[in-house]
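See structure below.
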Amino acid sequence: MKITNSEIAKILYEIAGYLEMQNVAFKPRAYEKAAAAIEELDNDVSEVYKEGGLKALEEIPGVGVSIAEKVEELIKTGRLKYYNELKKKTPVDLENLLRIEGLGPKSVKKLYKKLKIKTVEDLEKAAKTGKIGKLEGFGKKSEENILKGIKFIKTSGNRFILGFVIPDLEKIVGRLKKLKEVERIDIVGSARREKETIGDCDILVIAKNSRESSSAKATEDEIKISDFFVNMPEVVKVFAHGETKSAIRLKNGMDVDLRVVPRESYGAALQYFTGSKDHNIAIREIAIKKGYKLNEYGLFRVIRDKRHETRIVGEDEKEIYEKLGMDWMPTEIRENQGEIELAQEHKLPKLINYGDLKGDLQIQTNWTDGANTIEEYAEEAIKMGLEYILITDHTKRLAMTGGLDEKKLLKQMSEIDKVNKRLTTNNKRLKILKGSEVDILKDGTMDIADEVLEKLDIVGGAIHSHFNLPRHEQTKRLIRAMENKNVDIIFHPTGRIINRRPAYDIDIDEIIKTAKRTGTILEIDAFPDRLDLKDNYIRKCVEAGVKLAIDSDAHAIAHMGYLEWGIAQARRGWATREDIINAWSLDKMLEMLK
DNA sequence: GCCGTTTTCGGCCCGACTGTTTTCAGTCG
């Protein structure tokens with residue numbers, strides 16, 4: 001099978017780690033840079049190579065002669081000698097060991113040399129028996145931290161980040177959809193509810209030639225679909241393979257269930273398999289009270305002696321809810337957190353819709369750690385139908401990104417003026433706004449002087465250091481930043497990275513209160529592993545009347561599409577268009593900002 | 001190993017924290 005961009009990137013990242021172990025200078029950064037560039041590429045590297053050969057590979061920024069050859073070898077053979085040799089020298093599960101906070105290549109090497117630790121399991125055993133603490137350069141504290149890191153990975157590691165696995169899942173769904181036997185197909189479960197992470201994936205299908213009812217025998221079409229499903233190239237394990245229900249594990253480690261449902265039950269199955277469980281339990285209780293029975297096959301009227309029942313509805317999901325006396329509910333809010341009561345009163349909020357955003361307010365360009373130019377982002381935004389974007393490169397304290405100081409920021413502002421002028425002469429409607437992702441320093445002051453901040457259209461503040469301050473101090477720090485009259489938005493307010501790093505310790509209610517008082521916007525960072533604020537914090541903001549912004553946090557134009565994941569979270573937090581400032585016109589938005 | 005409106009060779013980002021030390025290596029962003 002064709003090697004994917006992320007598979008190539010993973011190997012390049014690992015090479016960087018191995019070189020780091022050997023104290024090789026500069027090369028690790030070179031491999032990391034190339035890996036990141038490939039990971040963020042819009043096109044398939046294999047395709048790039050097929051069309052333009054080595055030359056085309058070398059045109060990828062950060063990829064030179066040597067790495068291009070290695071990528072070529074990977075595309076052609078699926079293997080890489082250089083990588084295998086490095087791996088032979090230090091045969092450790094680098095990918096997973098490096099996921100542990102605080103553990104880098106040097107420590108991994110030492111642990112391997114001294115204790116023959118190769119895997120996370122080895123490491124855990126050694127830490128638990130106190131062997132790590134006695135090691136030179138390590139101590140009791142390191143041992144504790146390692147155990148904590150392992151625990152964190154274990155408790156959060158077996159869920160998949162929805163935005164990152166959806167491409168894999170959609171590939172499968174797209175392929176099934178093309179079968180002549182398939183009439184309709186949907187992803188259900190927590191993925192349909194747009195949860196930030198999913199444990200597994202459920203897929204429902206109706207065959208063209210669908211069986212009459214759930215008790216009828218499966219049709220040939222239905223059997224063919226199930227057979228096709230378990231024989232896909234990505235399948236590494238088949239747990240179950242029936243005529244209408246199958247379960248497999250994919251190469252990426254995710255378990256996927258497929259159910260081929262009769263047409264007359266499709267709506268009921270959608271409702272049932274979408275959940276959430278709590279939502280379904282509450283709905284079924286209501287059904288019982290009204291003399292119905294609800295299951296995955298339909299809504300049934302129960303006749304007195306309970307041995308007779310007649311199917312009322314089942315093909316259409318909306319009809320089921322309506323028969324039960326309530327409005328259809330958007331899947332994102334089906335968590336039994338008040339949505340059912342409001343649906344019964346026909347008072348559900350009108351959630352913000354996919355496609356409602358008029359702008360993107362967090363974009364990193366190649367002035368710092370982004371991959372594309374201001375102009376390239378502008379072109380992409382025009383393609384997406386946006387009306388405005390805000391350029392928000394990092395500031396000087398974040399040295400590793402080449403953060404901008406006051407002088408460079410002013411220079412970038414005049415560059416934006418120029419690009420805006422070009423857009424106007426070419427009759428393009430897009431407006432590029434001047435902004436910055438300004439570092440919030442330890443004491444809550446900003447990394448850029450106020451005189452310069454004043455000149456920007458919109459200022460975003462963000463924390464990138466001192467993640468471990470005690471709660472009151474961290475909260476005070478953010479509050480001070482919000483009180484700055486130039487700071488309009490707080491970017492990724494809690495700093496978590498899903499499956500990797502917990503949020504820093506803040507009093508979220510205090511933060512929301514301050515946002516309200518100071519008129520500061522809180523951001524919903526749409527990057528799939530951030531989604532910060534998360535759904536229930538969004539809901540708190542909506543209830544408190546604090547306004548929000550949904551931003552892609554793009555570091556490459558391909559990331560701008562992530563805005564949709566931000567909308568999904570906003571919907572999970574019950575946000576309407578009124579709550580999201582970049583769903584508004586430019587004038588209205590600028591008017592309400594500080 | 002990559003890159004070049006300062007360079008085709010000689011630079012590559014840097015400050016702070018943590019945990020280990022008693023001056024520093026490793027890690028992080």
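To find a chain, count down the sequence lines: A is the first, B the second, and so on, and within it residues start at 1.
Nucleic acid contact for A/Lys141: sugar-phosphate only, since backbone atoms but no base atoms lie under 4.0 Å from a heavy atom of the residue. In this structure, A/Val24 reaches neither bases nor backbone, as no heavy-atom distance under 4.0 Å exists between it and the strands shown. Across all strands shown, A/Leu103 has heavy atoms under 4.0 Å from sugar-phosphate atoms exclusively, and none from any base.
For A/Asn23 and A/Glu143, each mapped to the nucleotide of DNA chain B holding its nearest heavy atom, the one lying further toward the 5' end belongs to A/Glu143. Place A/Pro61 and A/Glu20 on DNA chain B by their nearest nucleotides, and A/Pro61 ends up nearer the 5' end.
Contact check, A/Arg501 against B/dC28: no side-chain N or O comes under 4.0 Å of OP1 or OP2. Within the 4.0 Å cut-off from OP1 or OP2 of B/dC17, not a single side-chain nitrogen or oxygen of A/Ser465 is found. Phosphate contact (OP1/OP2 of B/dT18, side-chain N/O of A/Ser142, threshold under 4.0 Å): absent. OP1 or OP2 of B/dC17 has at least one side-chain nitrogen or oxygen of A/His466 nearer than 4.0 Å. The phosphate of B/dC17 (OP1 or OP2) has no side-chain N or O of A/Asn468 nearer than 4.0 angstrom. At B/dG1, one or more side-chain N or O atoms of A/Lys70 fall inside 4.0 Å of OP1 or OP2 (strictly under the cut-off).
Of the candidates B/dG1, B/dG26, B/dG29, the closest approach to any side-chain atom of A/Phe467 belongs to B/dG29. Which of B/dG19, B/dG1, B/dC17 sits closest to the side chain of A/Ala30 comes down to B/dG1. Closest to the A/Lys106 side chain, of the nucleotides B/dG1, B/dG26, B/dG29, is B/dG26. Closest to the A/Leu398 side chain, of the nucleotides B/dG29, B/dG1, B/dC17, is B/dG29.
B/dT6 and B/dC2 have their P atoms separated by 23 Å, given to the nearest Å. Here, B/dC13 and B/dG4 have their P atoms 14 Å apart, quoted to the whole Å. If you take atom P in B/dG1 and the same atom in B/dT5, they sit 23 Å apart, rounded to whole Å. Spacing of P atoms, B/dT27 relative to B/dT21, comes out at 15 Å, to the nearest Å. Between B/dC3 and B/dT8, the distance separating the two C1' atoms is 9 Å to the nearest Å. Comparing the same atom, P, in B/dC12 and in B/dT7 gives a spacing of 15 Å after rounding to whole Å. Separating the P atom of B/dT20 from that of B/dG15 is a span of 26 Å, rounded to the nearest Å.
Separating the NZ atom of A/Lys33 from the C1' atom of B/dG1 is a distance of 10 Å, rounded to the nearest angstrom. One can place CZ of A/Arg397 at 12 Å from C1' of B/dC13, the figure rounded to the nearest angstrom. Spacing between atom CD of A/Glu32 and atom C1' of B/dC12 amounts to 14 Å, rounded to whole angstrom units. One atom, CG of A/Leu441, and another, C1' of B/dC14, lie 15 Å apart when rounded to the nearest Å. At whole-Å resolution of the value, CG in A/Leu135 and C1' in B/dG19 are 14 Å apart. Per the geometry, CG belonging to A/Leu469 stands 9 Å off P belonging to B/dT18, to the nearest Å. When rounded to the nearest whole Å, the span between CD1 of A/Ile132 and P of B/dT20 equals 12 Å. As rounded to whole Å, 8 Å separates atom C1' of B/dT18 from atom CG of A/Asn145.
In this structure, A/Phe138 forms no aromatic stack with the base of B/dT20, since the conditions of centre separation below 5.5 Å and plane angle below 30° are not both met.
Scanning both residues, A/Gln569 and A/Ile524, for their nearest heavy atoms gives CB-CG2, 4.4 Å. Pairing each heavy atom of A/Ile198 with each of A/Ala191, the nearest pair is CG2-N, 3.7 Å.
As the counterpart of B/dT8, no nucleotide is assigned, since no Watson-Crick or G-U wobble pattern has both distances under 3.5 Å.
Relative orientation of the A/Tyr504 and A/Phe467 rings is parallel, given thresholds of 30° and 60° on the angle between their planes. Aromatic ring orientation, A/Tyr31 versus A/Tyr82: parallel (interplanar angle below 30°, classes split at 30° and 60°).
Counting non-hydrogen atoms of other residues, nucleotides and ligands closer than 6.0 Å to NZ of A/Lys131 gives a total of 12 or fewer.
Inspection of the A/Ser465 and A/Lys442 side chains reveals no N or O donor paired with an N or O acceptor under 3.5 Å.
With sequence neighbours excluded, the residues satisfying side-chain contact (heavy atoms from CB on, under 4.5 Å) with A/Leu410 are A/Met413, A/Val452, A/Lys455.
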